[in-house]
Amino acid sequence: MVGGTRGRLVLGIETSCDETAAAVVADGTRVLSNVVHSQVELHERFRGVVPEVASRSHMTRVLPIVRQALDDAGTTPDELDAVAVTTRPGMVGSLLVGIAAAKALAWCHGLPLIGVDHIQAHVFASFMVEPDLPLPCVVLVASGGHTALYLVREPGLALRLGRTIDDAAGEALDKGAALLGLPYPGGPSIQRAAQGGDARAIDLPRPMLGEGSLDFSFSGLKTALLYHLRGPGLTRPMPALDARQLADCAASYQAAVVETLVRKLVRARNAVPEARALAIGGGVARNELLRARLAGERRLAGLRMVFPPLELCSDNGAMIAGLGDHLRTVRGQVDDLALDAVATSRSAP
Ligand code: KG4
Ligand code: ZN
C-alpha cells in the first residue's frame, strides 16, 4: 500500500505570486491543512505586486508556513509521500524560493519531488472537490494574473480554448477599484461596494472580440470607467462620488466583468457541445455575482457545475498538492533536483 493509515500525504508549496502557501492533502482530495500568508499589505501602496519585494517576503515566510501546514495536519516530513511545488507560471524569483524549499525537504527526507503548473492546478481544484466530474469539462480560470478558458478531457490536462489578450479579469477589477478609490485587491472591495448599487447605472463595454472568439479583452473597461468619471477628453477633475454613485459605479463595473465571463462561458459551451460540466477557478471565481449568474444562466443549463470553496479558488498550496499527487500516481511524474522555474504556463495547446 502507498502511504500510511492516513492515506498518501502530499505537501504542496506555492510561491508564484504574492501568497506564500503550503498545504497537506491526503489521497489527492482531502485537505488536511491549508495555510496561506498574503503579502497584500506589502504591495498595497504600489497597487500591484513588486517582484523583488515578493521574493524577499517568500524567503522569510516559506519555512514557517510549511511548518505550520505540517503541524495543522498533525504530521511530519517523514510521514509525507511526496512534495509538490509550483514551478510555473509566475515571477521567477518568487517561484525559485518555493522550489528551493521543496528541493531541500525532498532531498533531506528522501521524498519524490513533483513540479506543478499553477494554472493547471487552478483547474484541478474542481476535480479535488468532485473527482467524478463528468467530462469533457469547460473551465474558466480568472485571477489577477490570468484569465483563460480551458477544456478538460482528462483530469490534470487542461487545454486552452481562449485567453485574455491584455488585462486579466482580476487586474481589471483591481484597476477599476483604484480609479474608484477602493482598496487593493479590487475584486473583493468592488463586490462589497457594489451592494445595493444599480448595475445598469453606467453603460460599460462587454468586449467580445468578434464572432465566436473565446479570447478576452478587459483593458478597455477601466478606460471606459475613467471616461465616465472624467469625461471623454479627461477634461474634468476626478469627481468626489457620494455613496450612491460609488455603489452604482462598482455595481456596473462588476456586472461588466461578470457578464463578459459568463457570455464567454456560454460561447465555450456552444463551441464544445459535448461538454458535460463547467468549473471555475482563480481568485475571481470567489465572486458571488459570478457564481449566482452562472448558476442561473439558462444557456448553461444541463451542465454539472462546480464552484470550489473560496479557499481553493485563490492561490493556495492544496491545489498544488492535489495536482502533484495526481501527476505522480496517475502519470508517474517525478522530477529531480534540476527542477527549474519557468515564467510561462504549459497549458497552451
Ligand atoms: O488567484 P489569485 O488569488 O491570485 C492570482 O494568481 O492572481 O487572484 C487574485 C485576484 C485579484 O485580482 C482579486 O481582486 C481577485 O482575484 N478577487 C476577486 C474576489 N476575490 C479576489 N474578484 C472578484 N470577486 C472576489 N470576491
Ligand atoms: Zn493563481
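Each ligand, and each atom within it, is numbered from 1 in the order the structure gives. These numbers come from a predicted model, not from an experiment.
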Residue pair Arg286 / Ser314, side-chain donor-acceptor N/O under 3.5 Å:
yes

Glu288 to ligand 1, any heavy atom closer than 4.0 Å:
no

Is His146 in polar range of ligand 1, meaning some N or O pair under 3.5 Å apart?
no

Which ligand 1 atoms, with their elements, are less than 4.0 angstrom from a heavy-atom of Gly145?
7 (O)

With distance as the sole test, does His146 use its side chain to make a donor-acceptor pair with the main-chain N or O of Arg163 at under 3.5 Å?
no

What are the atoms of ligand 1, with element, lying closer than 4.0 Å to any heavy atom of His122?
1 (O)

Hey, are Asp72 and Ser33 close enough side-chain-wise for a donor-acceptor pair under 3.5 Å?
no

Closest to atom 1 (O) of ligand 1 among Pro185, Gly283, Cys313 (heavy-atom distance):
Gly283

Output, in order, the C-alpha distance, side-chain angles, deciding distance and verdict of salt bridge (charged side-chain N to carboxylate O under 4.0 Å, His left out) for Arg267 and Glu211.
CA-CA 10 Å; Arg267 277 192 183 178; Glu211 205 181 320; over 6 Å; no

Would you mind listing which atoms of ligand 1 come within a distance below 4.0 Å of any non-hydrogen atom of Gly170?
12 (O)

Can you list the ligand 1 atoms lying under 4.0 Å from a non-hydrogen atom of Gly144?
5 (C), 7 (O), 8 (O), 9 (C), 10 (C), 12 (O)

Test log, rule side chain to side chain contact (heavy atoms under 4.5 Å, CB included), inputs Leu80 and Leu70
CA-CA 9 Å; Leu80 294 173; Leu70 293 168; 4.0 Å; yes

Return yes if a side-chain donor-acceptor contact under 3.5 Å exists between Glu14 and Asn316, otherwise no.
no

Find all atoms of ligand 1 within a distance of less than 4.0 Å from any non-hydrogen atom belonging to Leu173, and give their numbers and elements.
22 (N), 23 (C)

Need the ligand 1 atom indices (1-based, order shown) with element for anything under 4.0 Å from a heavy-atom of Ser314.
1 (O), 3 (O)

Among all protein non-hydrogen atoms, which one is nearest to atom 4 (O) of ligand 1, and what is the separation to 0.1 Å?
Asp315 OD2, 3.2 Å

Among all protein heavy atoms, pick out the one at the shortest distance from atom 24 (N) of ligand 1; state its residue, atom name and that distance to 0.1 Å.
Asn287 ND2, 3.0 Å

Looking only at heavy atoms, which two atoms of Ala256 and Leu204 are closest? And how far apart?
CB-CB, 4.1 Å

Between the side chains of Asp315 and His122, is a donor N or O closer than 3.5 angstrom to an acceptor N or O?
yes

Flag for Ser345-Asp117: side-chain donor and acceptor within less than 3.5 Å
yes

Using salt bridge (charged side-chain N to carboxylate O under 4.0 Å, His left out), reason through Arg200 and Asp248 one step at a time and then give a plain yes or no.
CA-CA 8 Å; Arg200 284 159 307 177; Asp248 286 351; over 6 Å; no

Could you find the nearest protein heavy atom to atom 22 (N) of ligand 1 and give me its residue, atom name and distance?
Gly187 CA, 3.3 Å

Considering heavy atoms of the protein only, find what lies nearest to atom 12 (O) of ligand 1 and give residue, atom and distance to 0.1 Å.
Asp174 OD2, 2.9 Å

Taking all atoms of both residues into account, what is the closest heavy-atom pair of Asn270 and Pro273, and its distance?
O-CD, 3.5 Å

Has Cys17 got any heavy atom lying under 4.0 angstrom from an atom of ligand 1?
no

Side chain to side chain donor-acceptor pair (under 3.5 Å) involving Glu297 - partner list, sequence neighbours excluded:
Arg293, Arg299

Nearest option to atom 26 (N) of ligand 1, as decided by whichever heavy atom of Gln191, Glu19, His118 sits closest:
Gln191

Tell me how many protein N, O or S atoms are closer than 2.8 Å to the Zn ion (ligand 2).
3

Establish, yes or no, whether a centroid distance under 6.0 Å links the rings of Tyr184 and His43.
no

